[in-house]
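Before any comments, here is the structure.
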Number of protein chains: 2
Amino acid sequence: MDAIEIPDSIRCDLEGKGGIAGIAGSLPADRKIGAIVLVARALSDPVRVKVLFALFMQPMCVCLLVAMTGYAYSKMSYHLSVLKDGGLVCARQEGNYLIYYPTDLGRRVALWTRVTAHPNRC
Amino acid sequence: MDAIEIPDSIRCDLEGKGGIAGIAGSLPADRKIGAIVLVARALSDPVRVKVLFALFMQPMCVCLLVAMTGYAYSKMSYHLSVLKDGGLVCARQEGNYLIYYPTDLGRRVALWTRVTAHPNRC
DNA sequence: AAGCTATTTCAAAGCTATTTGAAACCACAA
DNA sequence: TTGTGGTTTCAAATAGCTTTGAAATAGCTT
């Protein structure tokens, strides 16, 4: 069925898994993959990673984040919206202030990355 | 020192943590944040997430990945290089073939995302 | 060496993400 | 209701990522 040359070291294992089609068929559903991508995109900029960690240590209003980083409000607001889209942070209103804090997922991500991600070789 | 209005619900906690400067000073180092960003970027495209999961199930040469997805070689090669830059996959040469497989970090990421990332509300 | 296959690299094109400053919005106080 | 502070939204400009096909590289076989 797989009319393709396959290196010996792989052919056997691959056939045991149903060939290319078997692998393709066992991949996570597109919805699941989309969710992962959304989270990853939210973390794909150093500004946002910093903000997530900061909020993990202490929920803050936008003005504090702005004071802490020196960025413009509109810039901070944009990055917060990306973090929100990824489901990593959310906000509650308190008087005039919007206080951002990490979601459950945001906290798990912060904990996990703090411990796990490191430059690594092959 | 923090000459800024701060909502009451936060002022106390924040001062206990050394104020804005205290939080900023406890953030992970730039190198660490850069490493996280690199991993996140690698996962920020559905093609790459799919490829990582596929390789997690079965190490494969590029021609198999191409056969499985229908993408052009140059496209697959580009995405593999981004995954490699993020430290999520690496390759061994076998005759004419390059066989890609997940690194340790790649495997941990695949396991973790499979279980953890999901669309979530506030 | 020549020819073949597997893969990467390159540059141009198209597309998406980010930054910026100005304007709009919203909750509260006067 | 008008004013004020905190925040978001918008549009234009910029920067960065992804796709494409063609050309280059690298290992095998003859």
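Here is the naming used below: chain letters follow the sequence lines, and residue numbers restart at 1 for every chain.
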Spacing of B/M76 atom CE relative to D/dT20 atom P, expressed in whole Å: 12 Å

Nearest-Å distance for atom pair CD/P, residues B/E94 and D/dG27: 14 Å

Candidate nucleotides D/dT9, D/dG6, C/dT7, ranked by approach to the side chain of A/Y73 - the nearest: D/dG6

Validation row: A/V37, B/L43 side chains within 4.5 angstrom (heavy atoms): no

Interatomic distance, A/Y78 OH vs D/dC10 C1' [rounded to whole Å]: 14 Å

Side-chain N,O (B/Y71) to OP1/OP2 (C/dT7) below 4.0 Å: no

Spacing between B/E5 atom CD and C/dA29 atom P, to the nearest angstrom: 13 Å

Pairing partner (Watson-Crick or G-U wobble, both distances under 3.5 angstrom) of D/dT29: C/dA2

Nearest-nucleotide comparison on DNA chain C, the residue closer to the 5′ end among A/S44 and A/Q93: A/S44

Residue met sooner reading DNA chain D from 5', once B/G95 and A/V62 are mapped to nucleotides: A/V62

Per A/N96 side chain, nearest of listed nucleotides D/dG6, D/dC17, C/dT9: D/dG6

Min side-chain heavy-atom separation B/M60-B/L55 under 4.5 Å: yes

Pairwise side-chain contact, B/C63 with A/E5, heavy-atom cut-off 4.5 Å (strictly under): no

Whole-Å gap separating C1' (C/dA29) and OH (A/Y97): 13 Å

Candidate nucleotides D/dT18, D/dG6, C/dT8, ranked by approach to the side chain of B/H79 - the nearest: D/dT18

Length of the line joining B/L64:CG and C/dT7:C1', which is rounded to integer Å: 14 Å

Note, B/Y100 side chain near B/L98 side chain (heavy atom, < 4.5 Å): yes

Candidate nucleotides D/dG27, C/dT18, D/dT18, ranked by approach to the side chain of B/D45 - the nearest: D/dT18

Under 4.0 angstrom between A/R48 side-chain N/O and C/dT18 OP1 or OP2: yes

Atom-to-atom span, CG of A/L80 to C1' of D/dT9 - whole angstrom: 14 Å

Nucleotide of D/dT8, C/dT8, C/dT20 approaching A/K75 most closely (side-chain heavy atoms): C/dT20

Rounded interatomic separation in angstrom, taking CG from A/L98 and P from C/dC25: 17 Å

Side-chain donor/acceptor of B/R48 to backbone N/O of B/R41, under 3.5 Å: yes

